[in-house]
Amino acid sequence: MNKMNKRNTLVGNVTERARIAGKCQSLGKALLLAGSLLSWPASQAWAQDAEQAEAQNGQLEEIVVTAQKREQSAQSTPIAITAISGDSLVAAGIKSSNDLADLTPGLRISPVFGAGNIPNIAIRGVGLNDFRDYHESPSAVYVDEVYKGALASLDFQLFDINRVEVLKGPQGTLFGRNATGGLIHYITKKPTDELDGFLRAGGGSFGDVNLEGAVGGPLGTGISARISAMYHRNSGIQQNQNTAAGAEDGNKVDLYAFRGQLKFDMSENATLLLSGETSHNRNNGGNPYRYAPSFLGADGLARVNTANRDSVVGTSDLNDINVSPGLFVNSDYNAGTARLDVDLGGVELVSISNYQQFKKKQQQDCDSAPEVFCITQYNSNTKQYSQELRLQGKSDALTWNLGAYYFNLQTDGAQTLAGPVAGIFFGTPSGTTAFDTQTKSWALFGQFEYKLASTLTLNGGLRYTQDDKDMTQTFLLGVVPGGIVYDSTTIGALAKQDADNVSYLAKLVWEPSDNVLLYGGVSSGYKAGTFNSGFGPVAPANYSVKPEKLTSYEVGFKTEFGDRRHRLNGAVFYYDYKDSQAFVYRNLNQLLFNADAKVTGGELEYSGYWTDALLITAGVSVLDTKVKNVQDGSRAIRDRKMVLAPDFTANASARYTVDLSNSGSLAFQVDGNYSSSIFFDNLNQPGLSEGSTFLLNGRVAWTSANKDFEVAAFVKNITNKVNLIYAFDLTGDLGYIQQSYRTPRTFGASLTVNF
């Protein structure tokens, strides 16, 4: 923690930047197999399926994405994209959506409540550091073009994935729900006309068991199907030191999921895809925090009492906890989608209808100690319906898309503070806040590309969005009969929001040669307003939170060279961020507030074959963020850095494949990522920060000559770095900070059978 304090005073000066450079050199040494990181950098590098690429004698495969709602080469798409194939996710050991940031420059994901719960997703620093179930993330998540609204549903297990596309910057003129910071799009494997499938079984440290499989193919003339399933269990990465009956280890996973798809070729010009998915997680150890005693410094900012840091837990192992029995996290997710594609003769009609329901029940030990002093409970039920209609077409010079979108999101639930602490604050055994929030939104959007010349294209887009939101809250404190009600009858117009927005895109794209693309332009994004709540009534003046708006100015390039053996892409950008929805916790209430911000940054991504057998990928991201005029507990007003916005991040991998001829092939892979220091709160408190971090992983895999079998072994976090991944401040209320740490070194192996 002394390092944290030191880092807090040095951020932005020459000493900090020198330390960053030194860490980057360490990353390069750790990846010596790659030669060096002199190429730092890459964009769609990870989307490369290594086995397919090797079949092309060291040439990089063309990467096909659908970021602009049609299949096209990623190198011809004028958007900053990181695309990752399903095979690359498996090779990197990525099982959870939370781990995607390890491969993606400019993306950070922090689990606010641990595994299987609400994550804070920040793309280029734009995220939401709050944990109320009725909010939406400004960096959106889509699965098969369907938006996922429920925050807690954004942490999920990945299975039978075709690829992931991370789009950076505002997205709204092509996607249904507007996104301020960008979006993550997961594309699953679809039914095909040929029988195929796989089974994978794996296991490892902490009693980890992972089973995954899928089978798909034709059922008859014009009908095909695919069934995918997975099961994942472990015994918990947090070792509970409490010997009381029922005290379980924390951050367990006990989850299964199933996806079924049916595709009907209704005619030569029309197809219908029906899909359904269900998943269920039962974590009977909960997602507890580690206790860290803290104090307020002379500047009014929280700091960890490092001398007594381990006093409550009893050990210095940062993944050890000492918490009460009875903790749990249960969640259930069900969804159904119908997609209709019709070729109307040069114009394609796409209709996507979706329904989702996500339920969560959770009990937390909020004192993070063995005594039953502070218990929190969170229950929520989210229902979502969306309907998207699109028309898209193309002529010699013009490519266009027009869309309409309807979205209905309802979340009801409650959060309760119980135990002796409730008596201290409320004078009653417990205090509960019940809420019911409804969002109704509709939008019209469109985008076009017009060729001004053979090498010059103008891209333009517009979106109109209308959002209506209302919320009812009842604060049941036990001292007021019937509770304190906030709705339109008690607080009037503050209980409703009615806002509209016009966002836009204007971009020029120049392709001077087949292997070079340059683009530059301006785009804007918008996120609807919301409401505040907590364990007690919020002051009416702080109840309603305004919408946020972001204007992005960006230029970028995409290149291939060396007979398509190397690929280098990059972008620089500037964000003018108005009324960003920042977060602070005060007096038992989670409060969002609007604050203007500025973001400047850039990214480089590289992939290339240094020999026919050696594939290297790398990426780097640089950020400079500023949230203006934020007031802390000491009433000091100053500019702060954004949450989860490191000045510098880098990731790299090296894969070396040995051809064993008729005995198959042997692939050795090492990958790592580095991040400079970050903050977990908008006040930039030293006790809620982490210094620079470095993670290194390794994997070796044997694949049979006919590709039917693969046996792999891996090590995650080789150097056993245990870094802080989230922290929450209760210094002013109870005198401590809650902390969560990265999973320590783990080992594992897997067997895959393809058919």
Side-chain angles (χ1 to χ4, degrees), residues 27-28 30-37 39 42 44-61 63 83-95 99-100 102-103 158 160-164 196 198-204 210 212 564-567 606-619 651-673 695-718 745-755:
L27 179 62
L31 297 174
L32 190 57
L33 183 60
S36 72
L37 284 179
S39 320
Q44 291 88 326
W46 281 94
Q48 177 61 43
D49 180 335
E51 291 182 356
Q52 290 179 341
E54 289 155 5
Q56 298 298 318
N57 298 319
Q59 278 195 334
L60 294 170
E61 284 289 303
I63 302 163
I84 309 168
S85 73
D87 290 337
S88 294
L89 291 172
V90 172
I94 303 299
K95 300 174 183 176
D99 299 329
L100 185 65
D102 292 342
L103 310 182
L158 306 183
D160 204 23
I161 296 292
N162 180 283
R163 69 183 181 277
V164 182
D196 75 311
F198 73 94
L199 290 172
R200 180 179 299 115
N210 202 311
E212 181 182 350
R564 227 175 73 195
R565 293 176 66 91
H566 302 277
R567 184 175 291 148
Y606 164 85
S607 59
Y609 276 98
W610 288 27
T611 72
D612 287 352
L614 178 59
L615 173 65
I616 294 176
T617 70
N651 62 275
S653 76
R655 179 184 175 95
Y656 187 82
T657 303
V658 179
D659 186 358
L660 303 177
S661 188
N662 293 333
S663 298
S665 62
L666 199 59
F668 301 88
Q669 179 167 311
V670 59
D671 62 84
N673 61 79
L695 179 69
L696 184 66
N697 309 306
R699 185 177 189 263
V700 59
W702 171 81
T703 304
S704 65
N706 59 8
K707 314 293 186 187
D708 286 346
F709 299 95
E710 182 195 73
V711 179
F714 66 85
V715 184
K716 300 279 287 184
N717 193 359
I718 292 173
R745 180 169 50 229
T746 56
F747 301 86
S750 66
L751 169 65
T752 302
V753 179
N754 297 304
F755 55 89

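The model shown is predicted, which means the values in this text are computed figures rather than measured ones. Numbers here are sequence positions counted from 1.
When all heavy atoms of A83 and I63 are compared, the closest pair comes out as CB-CG2, 4.3 Å. E212 and D160 get closest at one heavy-atom pair: OE2-N, 2.8 Å. The shortest heavy-atom contact between H566 and Y609 is CE1-O, 3.4 Å. For L60 against S607, the heavy-atom pair with the smallest separation is CD1-O, 3.5 Å. Here the closest heavy-atom approach between residue G698 and residue I718 is recorded as N-CD1, 3.6 Å. The nearest pair of heavy atoms linking F198 to F755 is N-CE2, 3.5 Å.
A donor-acceptor pair under 3.5 Å is absent between the side-chain atoms of R655 and the main chain of Q669, judged by distance alone. At distances below 3.5 Å, at least one donor-acceptor pair connects side-chain atoms of N754 with backbone N or O atoms of K707. Within the 3.5 Å criterion, the main-chain N or O of S663 finds a donor-acceptor partner in the side chain of W702. Panel note: side chain D659, backbone S665; no donor-acceptor pair is recorded below 3.5 Å. A distance-only check finds no donor-acceptor pair linking the side chain of R163 to the backbone of G86 [under 3.5 Å].
A salt bridge links R565 to D612: at least one charged side-chain nitrogen sits closer than 4.0 Å to a carboxylate oxygen.
Judged by distance alone, the side chains of S704 and N706 do bring a donor and an acceptor atom under 3.5 Å apart.
Summarising the geometry, atom CG belonging to L696 is positioned 7.5 Å from atom CG belonging to D671; distances are rounded to the nearest 0.5 Å. With rounding to the nearest 0.5 Å, the separation of OG1 in T746 from CG in N717 is 7.5 Å. With values rounded to the nearest 0.5 angstrom, I84 atom CD1 is found 4.5 Å from L100 atom CG. Atom OH of Y656 and atom CG of L615 lie 13.0 Å apart (nearest 0.5 Å). With rounding to the nearest 0.5 angstrom, the CG atom of D87 is 12.0 Å from the CD1 atom of I161. Considering CG of L89 and CG of D99, their distance stands at 10.0 Å, rounded to 0.5 Å.
For the side chain to side chain contact (heavy atoms under 4.5 Å, CB included) test, residues two or more places apart in sequence or in another chain that qualify with A701 are R699, E710, A712. In terms of the salt bridge (Lys or Arg N to Asp or Glu O under 4.0 Å) criterion, K716 has no residue partners (sequence neighbours excluded). In this view, D196 and R226 satisfy the salt bridge (Lys or Arg N to Asp or Glu O under 4.0 Å) rule, not counting sequence neighbours.
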Check the pair V700, L666 against side-chain contact (heavy atoms from CB on, under 4.5 Å), reporting the backbone distance first and the verdict last.
CA-CA 7 Å; V700 59; L666 199 59; 4.2 Å; yes
